[in-house]
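In what follows, chains carry the letters A, B, and so on, assigned in the order in which the sequence lines appear, proteins first and then strands, with residues in each chain numbered from 1.
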Amino acid sequence: MIHITFPDGNVREYEAGVTALDIARSISEGLARNVLTAKINGEVWDATRPINLDSNLELLTWNDPEGKATFWHSSAHLMAEALEALYPETKFGIGPPIDMGFYYDIDTGDRQITLEDLSLIEAKMKVLLEAKSEYQRREVSKKEAISYFNEKQDPYKLELLNDLKDGSITFYQQGNFVDLCRGPHLPDTSKIKAIKLTNVAGAYWRGDEKRKMMTRIYGITFPKQKDLTEYLEFVEEAKKRDHRKLGTELELFMFSERVGAGLPIWLPKGAALRSRMEEFLKNEQLKRGYAPVITPHIGKKELYVTSGHYEKYGKDSFQPINTPREGEEFLLKPMNCPHHCEIYSHKPHSYRDLPIRIAEFGTVYRYEQSGELHGLSRVRGFTQDDAHIFCTPDQLKDEFLGVLDLTKLVLNKLGFDNYTAQISLRDPENKEKYIGSDENWEKAEQAIIDATKDVGLETVVVLGEAAFYGPKLDFMVKDALGRSWQLGTIQVDYNLPERFELEYIGSDNASHRPVMIHRAPFGSMERFIGVLIEHTAGKFPLWLSPEQYAILPISDLYLDYAAIVQEELAALGLRGTIDSRTESIGRKIRDTELRKVPYMLIVGEKEQTTAQVSVRRQGEGDKGNMTVKEWADQILAEIK
RNA sequence: GCCACUGUAGCUCAGCUGGUAGAGCAGCUGAUUUGUAAUCAGCUGGUCGGGGGUUCGAGUCCCUCCAUUGGCUCCA
């Protein structure tokens, strides 16, 4: 008999050789039905693998990330089985689970798999499901494994085998399909109830662009048909909110082939929206002791040689601009910090001057590979809400607190209330990879951790993810659809003060090196607004809305009254338009709804005689009549 | 940058195997003066992404460049 310990501390006795599935069945049939895999002493195992020693056991279902991963991994094998049945010449690469679903990289030789083939493969998978094949695990020797794939002529699997140690190699088989695989897998294919193959794309073998481009087929599966339906609805909703589509429809921004790829052009409505966000932050920064500065869009190559950016990124950037006579080389600025370092060093500083906080909405240009460009989220020219704080090591924590507070304010003001912070610290095993003294690193890392604790921010600490020049904190923001985005960032930097030989005179009358904090609550205005559009589906918070209301007169007869209403509202700082077209009220409402103007004020005979407006909220409908004053008070309160 | 897909009017899209372009919406003009998501009629609008080629003839076939989309790789 062996002892099995459950997560709640309970211990039960079972015969040696019992499986996780048996144990689940001993508890309840329902549980057994839901078990996908199990964690045995922290390692994820097949639910059907015999347990021979005393163990800790955690049963995993669809609700556990490992359960889902196993489910999708097994689904990838099922897809491979279908592919092999349909196209026997297929060679297989790897087929792992991913965040949402799975993929398999395959080489089909001359035969091209296209989107149209997916439904055929999907159908084949469904046929194979009927066999309810078990996923059978088998330990094999390296020699046996090599001879199997030699015979099958699968060069990719042979290459993978090369890197594996004899004695740790397992095969999994379901139906006629055998794969080299560490596992674990589902008990059998019957758990898979809904299948959708979503995409086909190219992917380099082992991610190496010098190697062969394979065909990657993406898919997703679920234990219930309903889950698939929900997933498809989610995808549909995401498509509707796509900032590229909404940006065009709402006339916020555009791109032009003639201006160039990846260079967003802000249209009046988008520019108004963005300016309001910038004004908001500028005001907050003034309150917090930041000094606005302005620096040029280009800088001499030597500036970036000094900062070290040239060495690291020079070849992969926009190439230098040359002066025609002197042949001097200038680079489009990829960052604002070198310019800001020059501002710091334009005069000597006393410790009494610190911290010095300089801020700039600085537009930077980075050469992104053409295939990487994507709407506003990945561009070649963008504006950072950049600021650099130069302070003493002792001031670091307070400065960090101030920045955290500001970033939280910014996110909340923009309607993001679901976010966490990722703290990236250095790899304690590899301290020599980083610049700066041990003492300073420890101080900085502790400052970040303490500061986040002080403001009660939920954090994840990742070791080894720090930049070589300092630890950092990134805000991970969840949008309305539950998708995570990395937006604002705060980075501590020991490197640039060193390279630019920045100094201050301390109370001991000796010169010291300041610490630098880079921070950008929005990150990039472009990217942030892209996320904001998708988060709000284009229905921006009222204070940002390019058009807060539209007055819709029932007919031309009420245009004069509409103008009076508009004047009254303008005096209160509210902005809006009058739809003076000779159109039916139904038409005006429809057009205004589609423009996502938050409020419609309908005025006709009734309103004119009572000095009221009929209020309609976008997406919600009629809110009834009230006086202009009543409505304005309500709106001004909403904006606050 | 690499692989694949796509590029036709301001927008969304149709145009079979080659026979010199079509719809809806938008826009313009006129009529309609309208009560909570599309009033009606007429009209304008395209060197079919750019360039080159094959052909008697190219939106359609071939080459090339540009851009978009989905991936790969990368991201100070």
Flag the pair A:Lys300 and A:Glu342 as a salt bridge only when some basic side-chain nitrogen lies within less than 4.0 angstrom of an acidic carboxylate oxygen.
-> no
Sticking with atom C1', work out how far B:rA9 lies from B:rG15, rounded to a whole angstrom.
-> 15 Å
Taking for each residue the nucleotide of RNA chain B with the nearest heavy atom, is it A:Met335 or A:Asp242 whose nucleotide lies nearer the 5' end?
-> A:Asp242
Could you state the atom-to-atom distance from CE of A:Met516 to C1' of B:rA76 in whole Å?
-> 12 Å
May I ask you to say whether A:Glu249 pairs ionically with A:Lys596, meaning some side-chain N is under 4.0 Å from a carboxylate O?
-> no
Rounded P spacing from B:rC28 to B:rU64 in Å = 44 Å
If you check the A:Glu583 side chain, which of B:rG70, B:rU39, B:rC66 turns out closest?
-> B:rU39
Test item: A:Tyr310 and A:Val305 side chains (from C-beta on) under 4.5 Å apart, heavy atoms | yes
For B:rA37, take OP1 and OP2 only and decide whether either is under 4.0 Å from a side-chain N or O of A:Arg587.
-> no
Donor-acceptor pair under 3.5 Å, A:Glu607 side chain vs B:rG35 base = yes
Interatomic distance, A:Tyr558 OH vs B:rU33 C1' [rounded to whole Å] = 9 Å
Checking N1-N3 plus N6-O4 or O6-N4 for Watson-Crick, or N1-O2 and O6-N3 for wobble, each under 3.5 Å, the partner of B:rU33 is none
Please measure how far the C1' atom in B:rA14 lies from the corresponding atom in B:rU6, and state the result in whole Å.
-> 16 Å
Closest to the side chain of A:Ala201, out of B:rG1, B:rC72, B:rG70, is B:rG70
Quick one: A:Ile517 CD1 to B:rA76 C1', roughly how many Å, whole number?
-> 18 Å
Examine the base of B:rA67 for any acceptor or donor lying under 3.5 Å from a partner atom in the side chain of A:Glu257, and report the outcome as yes or no.
-> no
Do any N or O atoms from the side chain of A:Arg513 and from the backbone of A:Leu502 form a donor-acceptor pair under 3.5 angstrom?
-> yes
Closer than 4.0 Å, any side-chain N/O of A:Arg216 to the OP1 or OP2 of B:rC72?
-> yes
B:rC13 versus B:rC48 - spacing of their C1' atoms, nearest Å = 14 Å
Contact nearer the 5' end of RNA chain B, comparing A:Gly619 with A:Asp316 = A:Gly619
Given B:rG35, B:rA37, B:rG1, the nucleotide with the shortest approach to the side chain of A:Tyr204 = B:rG1
Counting just side-chain N and O atoms, does A:Arg366 come under 4.0 Å of either OP1 or OP2 of B:rA76?
-> no
If the P atom of B:rG70 is compared with that of B:rC25, how far apart are they to the nearest Å?
-> 30 Å
Pick the C1' atom in B:rG18 and in B:rG71, then give their distance to the nearest Å.
-> 34 Å
Rounded off to whole Å, could you give me the CE-to-P distance for the A:Met214 and B:rA4 pair?
-> 15 Å
A:Leu303 CG - B:rA76 C1' separation (whole Å) | 13 Å
Which of the following nucleotides, B:rC72, B:rU34, B:rG1, is nearest to the side chain of A:Ser584?
-> B:rU34
A:Asp385 (side chain) donor-acceptor with A:Gly523 (main chain) under 3.5 angstrom = yes
Describe the nucleic acid contact of A:Ile585 in one word from base, sugar-phosphate, nothing, applying a heavy-atom distance below 4.0 Å.
-> sugar-phosphate
Provide, to the nearest angstrom, the distance between the CG atom belonging to A:Leu118 and the C1' atom belonging to B:rG71.
-> 14 Å
Taking only Lys NZ, Arg NE, NH1 and NH2, and the carboxylate oxygens of Asp or Glu, determine whether A:Arg581 and A:Asp591 approach each other closer than 4.0 Å.
-> yes
Assess whether one donor atom and one acceptor atom, taken from the side chain of A:Tyr103 and the base of B:rG70, lie less than 3.5 Å apart.
-> no
Give the ring-plane orientation class for A:Trp205 versus A:Tyr156, where under 30° counts as parallel, over 60° as perpendicular and anything between as tilted.
-> perpendicular
Validate the cation-pi geometry between A:Arg617 and A:Tyr599: distance from NZ or CZ to the six-membered ring centre under 6.0 Å, angle to the ring axis within 45°.
-> yes
Considering just the side-chain nitrogens and oxygens of A:Arg244, establish if one lies under 4.0 Å of OP1 or OP2 belonging to B:rG70.
-> yes
So, is A:Tyr218 close to the B:rC72 phosphate, meaning a side-chain N or O under 4.0 Å from OP1 or OP2?
-> yes
Shortest side-chain distance from A:Tyr469, nucleotide among B:rU39, B:rA76, B:rG35 | B:rA76
Any side-chain N or O of A:His518 less than 4.0 Å from the OP1 or OP2 oxygen of B:rA76?
-> no
A:Tyr367, nearest nucleotide to its side chain (from B:rA37, B:rG1, B:rG35) | B:rG1
Write down the distance separating the P atoms in B:rG45 and B:rA23, rounded off to the nearest Å.
-> 13 Å
From B:rC74, B:rU34, B:rA76, nucleotide with atom closest to A:Ser317 side chain | B:rA76
What does A:Lys588 touch in the nucleic acid at a heavy-atom separation under 4.0 angstrom: a base, only the sugar-phosphate, or nothing?
-> nothing
Quick one: the side chain of A:Arg590 and the base of B:rA38, do they pair up donor-acceptor inside 3.5 Å?
-> yes
Nearest-Å distance, CG (A:Leu197) to C1' (B:rG71)?
-> 16 Å
Residue A:Ile602, side-chain heavy atoms: nucleotide from B:rG35, B:rG1, B:rA37 that is nearest | B:rG35
Between B:rG59 and B:rG22, how far is it from one C1' atom to the other, in whole Å?
-> 12 Å
Identity of whatever pairs with B:rG18 - Watson-Crick or G-U, under 3.5 angstrom | none
Rounded to whole angstroms, how far apart are CZ on A:Arg378 and C1' on B:rC72?
-> 13 Å
Ignoring the backbone of A:Thr582, work out which of B:rG71, B:rU32, B:rG35 is nearest its side chain.
-> B:rU32
Which of B:rA37, B:rU33, B:rU69 is nearest the side chain of A:Ile589? It is B:rA37
On the 0 to 90° scale, with breaks at 30° and 60°, tag the A:Tyr494-A:Trp441 ring pair as parallel, tilted or perpendicular.
-> tilted
